[in-house]
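Report on the structure given below.
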Amino acid sequence: MDFDLSEEQTMLKDSLDRLLKDSYGFEQRRKHMAEPTGFSAEMWDAYAEMGLMALPFAEEDGGLGGTPVETMIVMESLGRALALEPYFATVILGGGALRAAASADQRAELVPQIADGSLKLALAHTERNSRYDLHHVETKAAKDGDGWRLTGQKSVVLHGEAADRIIVVARTAGDTRDENGIGLFIVDAAAEGLTRRGYPTQDGSRAAEISLDNVPAEALGDPANGLPALRATIDGAIAALAAESVGVMSAMHDLTVDYLKVRKQFGVAIGAFQVLQHKAVDMFVAIEQARSITLYATMMADSEDAAARAQAMHAAKAEIGRGGRVCGENAIQLHGGVGMTMEYAVGHYFKRMTMIDTQFGDADFHLRALASGQGLFEAA
Amino acid sequence: MDFDLSEEQTMLKDSLDRLLKDSYGFEQRRKHMAEPTGFSAEMWDAYAEMGLMALPFAEEDGGLGGTPVETMIVMESLGRALALEPYFATVILGGGALRAAASADQRAELVPQIADGSLKLALAHTERNSRYDLHHVETKAAKDGDGWRLTGQKSVVLHGEAADRIIVVARTAGDTRDENGIGLFIVDAAAEGLTRRGYPTQDGSRAAEISLDNVPAEALGDPANGLPALRATIDGAIAALAAESVGVMSAMHDLTVDYLKVRKQFGVAIGAFQVLQHKAVDMFVAIEQARSITLYATMMADSEDAAARAQAMHAAKAEIGRGGRVCGENAIQLHGGVGMTMEYAVGHYFKRMTMIDTQFGDADFHLRALASGQGLFEAA
Amino acid sequence: MDLRYTSEELAFRDEVRQFLKDKLPAEIRQKLIDGEHMDKDDLVTWSRILNEKGWAVPHWPTEYGGTGWDPMRQYIYLEETQKWPAPQPLAFGVNMVGPVIYTFGNEKQKAHYLPRIANLDDWWCQGFSEPGAGSDLASLKTKAVREGDHYVVNGQKTWTTLAQHADWIFCLVRTDPEAKKQSGISFLLIDMKTPGIEVRPIITIDGGREINEVFFTDVKVPVENLVGEENKGWDYAKFLLGNERINIARVGMSKQRLARIRELAGKEMSSGRPLIEDERFREKLASVEIDLKALELTQLRVVAADAKRGNTGKPDPASSILKIKGSEIQQATTHLLMQVMGPHAMPYHSGDMDGSNELPIEPDYAATAAPGYFNFRKVSIYGGSNEIQKNIIAKAVLGL
Amino acid sequence: MDLRYTSEELAFRDEVRQFLKDKLPAEIRQKLIDGEHMDKDDLVTWSRILNEKGWAVPHWPTEYGGTGWDPMRQYIYLEETQKWPAPQPLAFGVNMVGPVIYTFGNEKQKAHYLPRIANLDDWWCQGFSEPGAGSDLASLKTKAVREGDHYVVNGQKTWTTLAQHADWIFCLVRTDPEAKKQSGISFLLIDMKTPGIEVRPIITIDGGREINEVFFTDVKVPVENLVGEENKGWDYAKFLLGNERINIARVGMSKQRLARIRELAGKEMSSGRPLIEDERFREKLASVEIDLKALELTQLRVVAADAKRGNTGKPDPASSILKIKGSEIQQATTHLLMQVMGPHAMPYHSGDMDGSNELPIEPDYAATAAPGYFNFRKVSIYGGSNEIQKNIIAKAVLGL
């Protein structure tokens with residue numbers, strides 16, 4: 001067992017952190033956010049140049065063959081910077097679906113475009129009444145010659161507005177909540193019958209509502225049994241979100257500890273007050289535990305054992321959810337009023353952390369899912 | 001609305017507190033506990049002389065016609081003293097069953113004996129597999145002429161060893177968990193076929209396992225539909241336990257705050273440390289909330305609306321359970337090592353508080369029961 | 001001890017309920033239910049309806065327009081208005097500067113300001129906090145220098161709630177720079193239209209503009225606008241802050257919020273059925289309800305004790321927990337409400353911040369859930385953070 | 001970065017498992033499962049089995065009987081013994097005084113004491129704490145005055161775990177009363193049979209006798225029993241306390257406890273079915289499991305960093321959370337186990353306290369549930385309370 005980064009991993013981390021340090025200061029981020037797309041095209045290109053887009057794809061598909069550890073490194077750094085670009089939507093969600101479901105031909109076509117930054121993806125799975133259940137799918141897919149036609153509504157599609165192609169979860173058979181009869185499909189964002197309405201999200205990112213009216217689509221993998229691939233995709237995404245969370249949480253903690261040292265009240269730095277010290281320690285404990293469970297999730301992210309992998313993700317998402325809340329709420333409380341203003345970075349981290357809990361199932365959802373299984377330690 | 005005690009209530013409280021102050025110091029309590037019965041016969045007589053036994057019974061039955069408020073006053077004071085006598089078992093549980101189920105003739109026979117201290121009762125309802133469900137009854141009652149014969153096992157019967165008569169919950173019809181077919185019966189503790197094994201409890205009181213083998217019994221109320229009376233009895237007991245808890249919690253808090261003022265470490269009274277101050281405040285908040293919910297439970301304890309009464313007791317027991325834990329664990333933590341020794345009073349309070357949570361349903365049990373209903377505020 | 005409302009109190013409660021039902025405009029009520037901010041017009045409208053009824057300033061002495069209700073009736077009124085819900089009166093006038101004026105002001109001030117407060121002719125805001133002061137209010141630096149019949153005020157206030165609507169601001173200013181901290185502070189009433197005052201918005205993380213910075217540059221304030229004596233302002237401020245006790249728990253508001261959570265959890269689906277049927281969710285809700293029920297009784301204990309004492313003298317020690325527990329419960333409800341929305345808590349309904357006019361995404365009622373959670377982090381910070389509250393209890397109640 | 005055990009590590013783990021399965025007497029294991037206290041004989045028996053295998057003191061230098069395992073293997077061994085469960089070696093000898101002796105003792109001391117510690121020929125106890133000292137260890141008052149070739153020791157120690165079995169006690173004593181607090185303290189080895197030593201039990205709230213007071217009245221201790229230099233004892237004590245880091249989290253023990261909770265919750269009935277089928281209970285269990293899984297990884301991070309560094313130098317900052325989180329988890333498991341028992345947690349199984357011989361009430365396994373909860377309140381108190389731990393992190397890690 002070895003927790004140290006390899007030389008190459010260290011280089012990856014250092015160069016990404018350097019880039020973000022130079023280009024993602026508070027004011028710079030504000031500018032990026034003010035772009036019509038809600039992010040920086042320049043940063044996007046810079047990531048592509050660094051090879052970040054290609055990272056998790058297999059070398060034979062045109063990728064760099066990175067493991068979940070590399071993804072963890074990248075996501076933690078992007079989390080620290082509160083980066084706005086659709087890396088997660090394109091490479092982790094969209095790319096994850098390609099890795100899990102697409103044919104070699106499809107990958108050969110798409111991965112090089114992702115790798116060079118020319119193709120952005122989104123994954124449309126949430127619906128109005130699905131909440132966090134991946135198998136709750138009302139959107140319909142109907143056979144149309146060699147291809148398919150999709151009809152339905154998708155909600156809160158991350159960066160759905162910026163995507164060139166959208167991977168849509170749709171039902172080829174069965175009732176709304178059947179586990180069978182679910183497929184993954186890829187559609188062109190400009191296709192006739194597809195309309196999308198983009199909007200900002202609470203954490204400064206962008207998402208979209210997407211309407212599909214008989215939209216031509218191509219299947220990724222088995223259109224009758226895509227749920228396992230979707231679950232694998234989301235499990236990988238949860239591990240990545242956990243890593244992002246560690247970045248977000250540790251950035252909040254750094255800001256808070258700095259603030260405690262600088263801010264004076266009643267004539268002393270407020271960091272001298274024991275109660276505030278202990279709250280900062282509670283944050284620290286939450287972060288170290290989050291970091292640990294993220295390592296566990298990362299270790300399990302590409303496991304072929306779907307049940308064990310799911311258990312790990314339930315544990316990680318639940319821990320991140322509750323630890324993130326401890327961290328975020330304390331960060332705001334310790335900053336006092338200024339933490340609640342848009343002028344200070346900490347509130348933006350808090351909002352991102354809060355929204356992560358609403359993605360792919362909140363802490364309660366995953367705690368219950370874990371509880372319905374055999375326990376984390378049974379296999380050991 | 002008026003939260004002040006009446007003149008009579010104030011007198012009751014003052015005289016009971018004076019008695020307990022004089023007779024229930026730490027060493028005195030140790031002596032009472034060392035009696036073969038586990039409590040003080042003298043104190044028992046003193047309570048009877050004060051009229052405590054007669055308090056909650058109707059005047060026409062030979063009681064003093066007190067309301068739940070008087071019971072609250074008495075139980076809080078007994079809680080503060082960690083009194084060992086079977087007041088709760090006799091007057092609240094046994095007496096409660098009489099009030100809820102017995103005929104006028106039965107009450108006319110028994111209440112005067114309770115009132116003068118000559119009769120001790122116990123309520124035998126828990127069984128090996130019943131956990132906290134009052135309707136889980138395996139003990140059987142069979143008709144025998146005008147009377148009944150009981151056969152079965154009862155567990156953790158509070159003061160079952162000291163009782164002269166025991167009120168036993170037994171089934172006249174139906175399956176183990178049916179709500180119908182449950183009756184309340186009174187048996188003589190010396191009856192043939194009844195064996196009991198007494199033992200100390202974790203909190204320094206006494207309880208017994210009771211075996212019934214064809215024991216002659218008299219029914220209290222309708223032997224086929226006694227569950228409502230049993231529920232009323234236990235609801236009243238929960239309100240009384242809540243009041244006892246307030247006494248226990250506030251005694252722990254007083255001890256803790258005193259200790260914080262006296263105990264020195266690193267050259268200062270440890271009460272100067274802000275973190276310890278705030279923990280003491282957390283205890284205080286828990287106590288005030290416990291006191292409030294106890295008032296609510298007291299207000300509802302004799303309500304004829306069984307559903308609303310049950311909701312109130314669920315709320316009270318859950319709040320007492322979690323608040324008591326906050327209070328008890330902090331009391332020990334703030335005392336440090338000495339709090340864990342038998343030589344200091346605080347540990348005894350902690351144990352009593354802990355055991356209260358295992359009586360008539362723990363905090364989780366009652367939270368769930370409350371959650372299954374319409375909510376505390378729906379009626380309003 | 002009688003823990004039930006008297007029949008007179010119940011009749012009074014029914015009267016309040018009926019009045020709210022009859023008189024509060026439906027669209028104002030709906031905004032409150034939806035967690036939206038009140039417009040200035042909404043509050044003016046409602047305040048004038050109340051004033052017409054004679055209920056605009058219930059707790060004031062009758063000679064200044066008060067109702068003469070005892071504390072229990074005042075509490076019932078408060079509770080019912082929060083539960084319905086109706087807008088709460090603008091506290092800066094009705095609960096803060098009003099009582100200061102009728103207690104410490106001169107006759108001319110009383111005659112001029114009090115009726116205008118009751119009718120919301122003047123929108124007041126509070127100029128206490130300054131940058132960097134936080135819970136250490138007395139470290140304020142804004143100066144007022146007497147020059148003839150004016151004070152000349154220079155300095156900055158912050159966290160000034162709804163200053164953008166304000167006609168007047170009441171300020172703590174330092175009039176004696178030599179005196180030690182709490183001394184040398186005066187209480188001034190300042191017309192917001194006076195030259196030299198600039199209001200700048202502070203946008204909070206929920207995207208709302210609720211608070212502001214207020215800058216004073218050589219602002220001339222007539223000496224007649226001084227309340228009470230010069231350099232005694234800290235006493236008046238303490239009096240003012242002491243009056244916040246009853247309202248702080250917001251029991252009625254939390255009841256309304258819980259009812260709203262139940263309602264919306266009946267609409268949102270989870271595992272193919274309404275979320276409200278989910279046992280785990282119901283337990284979380286029940287857990288908050290228990291806390292709130294206990295707090296309600298705590299509140300009533302305090303009110304009843306006040307009623308007995310005529311609202312003077314040392315408060316019940318239990319009153320000190322109202323802020324802590326009340327804010328915890330309020331925050332718990334905002335978190336639950338956000339949780340109800342699940343993934344639909346994510347879309348941001350841009351309001352007055354960036355001027356865009358994107359519409360909220362379905363479901364409409366989800367739009368305020370996350371901002372409500374963000375916004376309510378304030379309730380454990382303002383008015384003396386909960387940490388400060390615990391310090392106070394440790395010292396004043398526990399003697400530590 | 002490779003987050004999996006190597007195949008060599010897995011093979012080692014299997015070897016440990018097989019050894020435990022083969023060699024640990026079943027009745028000793030069962031006592032541990034049931035939460036009962038170990039008898040002295042149990043521990044002696046097991047220690048000698050280990051010593052025969054050469055595993056009695058794995059982390060010691062090989063020249064003194066250590067195994068030469070790297071930190072990862074030491075951790076695997078620890079984890080497996082806790083999970084099985086096997087008795088943990090008597091820490092006062094193996095983890096505390098042993099390392100002090102081989103690091104700071106002279107050759108004669110090493111030759112004499114170390115083999116006897118490994119074989120549990122000598123039962124050691126720890127004489128650090130004194131009445132009233134608490135977490136302020138250095139305020140100790142027990143005096144040792146040099147008289148010829150002896151020290152004469154007077155004073156009192158407390159919280160002395162298992163002193164009733166002890167052959168030897170290692171003590172911190174004040175040898176220079178003039179020196180300031182941490183100076184002037186020496187580290188003495190004292191034979192418990194020396195005249196003038198009296199051991200008095202302290203009964204804890206769980207009814208057990210785990211701890212004692214130890215009184216010293218004119219106890220003559222040969223000068224050769226001084227470890228290292230006079231007045232340098234505080235340094236040795238700090239060294240000793242620093243060694244507690246790895247074992248403190250007790251991950252393996254908590255795993256075993258969770259498995260036990262699952263097992264017993266499968267036997268206890270709730271609502272007519274086994275409690276383990278209850279969703280709410282399962283969620284509580286899962287919640288602790290998540291915490292423990294994270295802590296296990298935290299532990300492994302610390303161990304791996306130690307392995308890299310050869311267990312010297314500044315520890316990973318993450319190591320500072322092991323005590324806090326480890327104790328919280330241990331306490332959570334004891335509460336859950338008590339909760340499993342429901343009303344059957346109530347009966348008290350009188351043990352060595354009052355000499356009565358009443359039997360435990362059915363179910364037998366319920367007897368230790370509440371005492372276990374009571375007893376484990378200690379883990380957030382001893383070894384520097386969790387409040388002290390947070391102070392240390394605030395200062396040492398966060399720089400506050």
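Lettering of chains follows the sequences in order, A, B, ..., and the numbering in each one begins at 1. Because only heavy atoms are used, hydrogens play no part in the values below, and waters and symmetry mates are left out as well, while side chains stay in.
Shown here for A/T358 and C/G342, the closest heavy-atom pair between the two residues is CB-O, 3.7 Å.
Only the backbone of C/V340 comes within contact range of chain A, with heavy atoms under 4.5 Å apart. Using a 4.5 Å cut-off between heavy atoms, A/T341 touches chain C through backbone and side chain atoms alike. For A/E127, the part sitting under 4.5 Å from any heavy atom of chain C is the backbone (N, CA, C, O) and nothing else. With a 4.5 Å cut-off on non-hydrogen atoms, C/M338 touches chain A through its side chain but not through its backbone. Within the 4.5 angstrom heavy-atom criterion, no atom of A/I270 approaches chain C. Heavy atoms closer than 4.5 Å to chain C are found in the side chain of A/L158, but not in its backbone.
Between C/H344 and A/R131, the closest side-chain pair of non-hydrogen atoms is not below 4.5 Å. Side-chain contact between A/D133 and C/S271 is present, with heavy atoms from C-beta onward closer than 4.5 Å. Side-chain atoms of A/Q265 and C/S139, non-hydrogen and from C-beta on, never get closer than 4.5 Å to each other. Counting heavy atoms from C-beta outward, C/I211 and A/M340 have side chains that stay 4.5 Å or more apart. Counting only heavy atoms from C-beta outward, the side chains of C/M269 and A/S130 never approach each other to under 4.5 Å. Counting only heavy atoms from C-beta outward, the side chains of A/Q359 and C/P343 never approach each other to under 4.5 Å.
A salt bridge does not link A/K351 to C/D206: none of the charged nitrogens lies less than 4.0 Å from a carboxylate oxygen. Classification of A/R368 and C/E279 as a salt-bridged pair fails, no side-chain N sitting under 4.0 Å from a carboxylate O.
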N/O donor to acceptor pairs below 3.5 angstrom from side-chain atoms of residues 342-349 of chain A, sequence neighbours left out:
residue	atom	partner	partner atom	Å
A/E343	OE1	A/R30	NH2	3.4
A/H348	NE2	A/M342	O	2.9
A/Y349	OH	A/R80	O	2.4

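Shown here are the ring pair (Phe, Tyr, Trp, His ring centres under 6.0 Å) partners of A/Y259, two or more places apart in sequence or in another chain: A/H335.
Identified by a heavy-atom distance below 4.5 Å to chain C, the contributing residues of residues 271-279 of chain A are A/V275, A/L276, A/K279, in residue-number order. Taking 4.5 Å as the heavy-atom cut-off, none of the residues of residues 325-332 of chain C approach chain A.
Below 30°, between 30° and 60°, or above 60°: for C/F374 and A/F350 the angle between ring planes is above 60°, a perpendicular geometry.
For the residue pair A/Q202/C/Y373, the side-chain donor-acceptor check at 3.5 Å is not satisfied. At a cut-off of 3.5 Å, with distance as the only test, no side-chain donor of A/Q333 or C/S385 sits close to an acceptor on the other residue.
Of the listed residues (C/I205, C/N386, C/N375, C/I202), the greatest number of heavy-atom pairs within a distance under 4.5 Å of chain A belongs to C/I205. Interface check for chain C: of the options A/G337, A/A34, A/G267, the most heavy-atom pairs under 4.5 Å are formed by A/G337. Annotation: maximal heavy-atom pairing with chain C below 4.5 Å, among A/T176, A/D203, A/T354, A/I332, occurs at A/T354. With respect to chain A, the highest number of heavy-atom pairs below 4.5 Å among C/N391, C/L275, C/T158 belongs to C/L275. Highest contact tally toward chain A, considering only C/Q339, C/K378, C/K390, is held by C/Q339 [criterion: heavy-atom pairs under 4.5 Å].
Atom CZ of C/R273 is separated from atom CG of A/N129 by 14.5 Å, given to the nearest 0.5 angstrom.
Counting non-hydrogen atoms of neighbouring residues, nucleotides and ligands closer than 6.0 angstrom, the CG atom of C/D34 exceeds 12 such neighbours.
Centroid-to-centroid, the aromatic rings of A/F365 and C/F281 stay 6.0 Å apart or farther.
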